[in-house]
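Only heavy atoms go into these numbers, but all of them, side chains included; no hydrogens, no water, no symmetry mates. The first residue of the sequence shown is numbered 1, and numbering continues consecutively from there. Indexing begins at 1, ligand by ligand and atom by atom, following the structure's order.
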Amino acid sequence: MSDEDLNRGLEGIRVAETRLSDIDGEAGVLTVGGFPVDELARNATYEESVFLLFEDRLPSADELAEFRADLAGRRAIGDEVRAVLQRAAEEEKPAMDALRMGAAAANLGAGEEDPEADARRVIAVFPTVVATYWRYREGDEPVEPREDLRHAANYLYMLNGEEPDEAAVRGLETYLNTVIDHGLNASTFTARTVVSTESDVVSAATAAVGTLKGPLHGGAPGPVLDMLRSIHESGDPEGYVHEKLEAGERLMGFGHRVYRVRDPRAAVLEAAASEFYDEAGDSDFFETITEFEDVAVEVLAEHKPGRDLETNVEFYTAALLDGVGVPKELFTTCFAVSRVGGWTAHALEQLDDNRLIRPLSSYVGDRDRSWTPVDER
Ligand code: CMC
């Protein structure tokens, strides 16, 4: 194989057909399940988004009620799963490690049911695992899931121990719909690779959690929040940007590998955050955030002319999730709570028309070595 055939990051290589989502990075357009992302994100409940990805159509009212009840009935976890989450929390292990371990422990016996039942089970249990871990981290008792609440509402209820108001539920739901799927990103590719061996959907989802954990993927909404808070305190956005850039650092929440314009998810999340902060949040803080975006984009344009460094998904994720009551230590797990819908839909799509994913590598090692016995080395 020649060096020209080598493609280190698989950039520009198409390895699957999908009807789940499409990114136009030049125009800044994201389509999810056939809808422009803002149309879906603003209107759907999370359960409707998942149904859409699984079935390629919206559910009727009866189908939605059945689907919602089925997911809600799969939320509970057993004492043995709670025990591993308690241990992880007491040892202050990262939330993503707790999710990977808890989701696997809660789904022993994966592959025994049909793949879609596994997919429903893993989607249903993610919020319970994250919230249980967090309650232990905070020194509180876990809160049992409630079957009468929607997926997003129940997640906030299990995290905070009280029923959330509708503004917070709507804000979280818009977030969950916005990031549910995003082309063949690294964790989604992982999920498809796992089931391409005819392994099971739960293994695909837990492997994808491990992939999402990496800082080049799961991103940095936690650091974005720290940045926004410090600017809110100092009242000097311009000074902050100059200081960072002069120190050779990157501004968190700006720039993207695929988008050459503003990430369309930033617009959806900005609108959702604006609505939330108007109704129920600290509107001064939100004003700081939007002013900071304008200042930063202007300074970045002078700093990197022609590069169009605009806000990405992480910027308004931090504002919105913080507003609705998700602690910043859980931002990446919250991303997983949404994206597991996309991972499992891709796994089911892969299984429907499977071909083992098995690329090649270029060998650069020695050849024809001869063996030296250990006492002669
Ligand atoms: N702040 C300052 N300069 C930047 C930034 C930034 N946020 N992003 C890119 N640049 C500069 C970079 O220094 C480089 O300059 P030079 O050519 O002099 O080295 C130039 O722009 C091109 O950068 P690049 O590394 O080729 O850009 P990339 O497309 O590989 O990087 C990125 C994309 C997201 C890794 C990068 O923009 C970044 O590090 N952003 C900050 C971290 C962040 O917000 N991460 C969340 C990303 S959204 C994840 C998702 O969609 O899941």
Is the cationic atom of Arg229 (NZ for Lys, CZ for Arg) positioned less than 6.0 Å from the six-membered ring centroid of Phe285 and within 45 degrees of its normal?
yes
Compute the shortest N/O to N/O distance between Val313 and ligand 1 and return yes if it is under 3.5 Å, no if not.
no
Just heavy atoms, cut-off under 4.0 Å: does Glu314 contact ligand 1 by side chain, backbone, both, or neither?
side chain
More than 12 foreign heavy atoms under 6.0 Å from CG of Asp368: is that the case here?
no
Need the ligand 1 atom indices (1-based, order shown) with element for anything under 4.0 Å from a heavy-atom of Leu245.
2 (C)
How is the hydrophobic cluster of Val364 composed, in terms of its other members, when Ile, Leu, Val, Met, Phe, Trp and Tyr link through side-chain heavy atoms under 4.5 Å apart, directly or indirectly?
none
Is the shortest N/O to N/O distance between Arg307 and ligand 1 below 3.5 Å?
yes
Between Asn185 and ligand 1, find which residue part has any heavy-atom pair under 4.0 Å and reply side chain, backbone, both or neither.
neither
Glu198 CD: over 12 foreign heavy atoms closer than 6.0 Å:
no
If you measure from each non-hydrogen atom of Leu309 to ligand 1, which part falls under 4.0 Å: side chain, backbone, both or neither?
side chain
Flag yes if more than 12 heavy atoms outside Arg377 fall under 6.0 Å of its CZ atom; otherwise flag no.
yes
Give the single entry among His256, Met252, Glu310, Lys304 that approaches atom 15 (O) of ligand 1 most closely by any heavy atom.
Lys304
Regarding atom 32 (C) of ligand 1: of the candidates Arg339, His217, Arg265, Arg250, which has the closest heavy atom?
Arg250
Salt bridge (Lys or Arg N to Asp or Glu O under 4.0 Å) with Arg150: which of Glu48, Glu166, Glu47?
Glu166
Do Thr174 and Asn177 get their side chains close enough for a donor-acceptor pair, meaning under 3.5 Å?
no
Look only at interatomic distance and state if Asn312 has a nitrogen or oxygen under 3.5 Å from any nitrogen or oxygen of ligand 1.
yes
Examine the proximity of ligand 1 to Arg257 and report which part, side chain or backbone, both or neither, has a heavy atom under 4.0 Å away.
both
Could you tell me, atom by atom, which parts of ligand 1 come under 4.0 Å of a heavy atom of Gly253?
43 (C), 44 (O)
Do Tyr316 and Glu293 pair up side chain to side chain, a donor and an acceptor below 3.5 Å, judged on atom types alone?
yes
Record the part of Leu300 in heavy-atom contact with ligand 1 below 4.0 Å; permitted values are side chain, backbone, both and neither.
side chain
